[in-house]
Every structure is written in structure tokens, then in C-alpha cells.
Amino acid sequence: MKLSLSNGIFSKLDIQNNFDTIKRLGFGNIEFNMKSIKKEHDTDVYREQKAYLASGLKCLTLHSAVFHIKDPIEVHQAIYYGKISLECARALGAPLVTVHSNVSKKLSQNVKKSCLNEIFNEEIKPFAKRIGIKLSLENLSFNSTGFGKNVEQLEEVLDVIDPKGEMGITFDLCHALETKVVDELLDNYGRRICNVHMANKSHQPFTERKPELTHFLSALDEYNYRGPITLELDHKTSMEDIAKTKALFDRLLKEY
Ligand SMILES: [Zn+2]
């Protein structure tokens, strides 16, 4: 398993300082979160690419910009966010993009279905395939506006957008703990996990070995998971706690 840090935690910094801070903390791998981009111009992606190439960091994954649409008229916005995220992943050489369902949990089942079809089957999936990027669907928390917090909801989404079972799963441990679905998700998607968002509830850092943490890591190991463990932490987390968390995971991941 490879330790990585989501750069969303430093999204208030400009991209240069964002990468510099990550390097000062001693991380070599990142998940690039689209929150850290100013979205005014599509061509900004070249600025991110330049800063990234100069940084020497390795971008293992990219977290798509997301827009949980509440009305079908907004479909084009979700498609735009998805495509510009894929363009950015291509520029940074990231092989995997984490996506949300992009539909609000308030939509009716039929409307959700037609929106999912339009966003993913007609646009995002063919585009990702053309540029050779794998998509990975993330489980959400109960307090998210989006749809997809447990196996039942994720299956409803995957039935429409991934009938052949080709998409990966981004397992967000924080969301799974909050929603109490850790084992349910592991049992159903253990073999499909290709990215992990790592944090305790409320995106607080794990700074010490906790039973729920080692239980989860052991389960990943049993599924032969060798992908990223992406620390996805609340932006108020102190530098000291980030360093403590990194030290803990440097030790823990040697055991797997
Ligand atoms: Zn997450």
C-alpha cells in the first residue's frame, strides 16, 4: 500500500505553495483534488501541470470536481466538471480519477437514472476511455447532498453506469465509519477497491493505532490491496497532526 496525501487540504494556497508544503511534510505521492484549482479558465490546467512537473511529486490519483445535480437541466455542469477533471488527470499523468455519482439524493429514481445515463454513459465514460483513465466511484456519507452512501445506493448507481463491473471503488473510510457501513462495503467491493480515502469520522486524522483502523487495513490486505492510502483530512488539521499521522502510517503500512 502506498501512502499519499490529498492536496485538497491546502486548497487555499496557490498551487506552488500547495505542492511545496506537501514536500516539506515529506510526502512523495499525492491525490490531486480539483478543489485546489481556480476554475475560471480551462487552460489553467497547464499551470497545474507546470507546477506539478517541477515539484517531483507523484500524482497517483485525481479527485474529480463534483456537482450533485438537483435538476436535469444541470446535467451539462456535471459533465463539464467531469471532463475538465479528466483533462487535468491527463495533464498530471494520473491513471485513476475518483468520481461521485454526481446526482442529488433528492431526485426520483427515474430522473436519477436518466441523469446518470446522460452524464456517465454518454459523456464521461467514453471520454475517460479515450484518454486511458480509469474511473473509481466513491462511497459518500449520510450528510452528503449526493447519492451513494451504502451498498444499496451504490448498486443503484452502478447498475446504470457500470453494468459490466469495470469501474473501480474509492473506499472512503471516514464516510463508511460515519454511515456505519464499513463491513458491508468491504464484503461487496473488497476486490474492486482501487483507492482509499483515509480519515477518521469528520475527516479527522488517525494519529494513533485504533481498532477500527487496523481492522480495515487487515481487511484490505486480505483482498491483496496494494493501491494508494490517501490521507483526506479536514483543512483545519494542524501541521503537527499531519506529521503525526504520516509517521503512524509510515510505520503501519510496513506491516502490510
Ligand atoms: Zn473522500
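Just the heavy atoms: all of them, side chains too, but no hydrogens, waters or symmetry mates, feed the values below. Index from 1, following the sequence. Ligands are counted one by one from 1 in listed order, and the atoms in each one are counted from 1 as well.
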Quick one: report the N, O or S atom of Asp172 that is nearest to the Zn ion (ligand 1).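 Checking each N, O and S atom of Asp172, the shortest distance to the Zn ion (ligand 1) belongs to OD2.
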Just give me the atom name: the N, O or S atom of Glu138 closest to the Zn ion (ligand 1).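 For Glu138, the N, O or S atom at the smallest distance from the Zn ion (ligand 1) is OE2.
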Asp241 and Lys236 ion-paired at < 4.0 Å: no
Can you give the angle His197 ND1 - the Zn ion (ligand 1) - Glu232 OE1, rounded to 10°?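 An angle of 90° at the metal.
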Qualifying side-chain hydrogen bond (donor to acceptor under 3.5 Å, both in side chains) pairs with a residue from residues 245-255, counting only residues at least two apart or across chains: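 For residues 245-255, and leaving out neighbouring residues, the side-chain hydrogen bond (donor to acceptor under 3.5 Å, both in side chains) pairs sorted by first residue read Arg209-Glu255, Lys246-Asp250.
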Please tell me if the side chains of Phe249 and Leu231 come closer than 4.5 Å, counting only heavy atoms from C-beta onward.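 Result yes, sub-4.5 Å side-chain heavy-atom pair found.
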Metal check, the Zn ion (ligand 1) vs His175 N/O/S, cut-off below 2.8 Å: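 Here the distance criterion (N, O or S atom, under 2.8 Å) is not met by His175, so no.
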Taking the ring centre of each residue, are Phe216 and Phe171 less than 6.0 Å apart?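 Yes.
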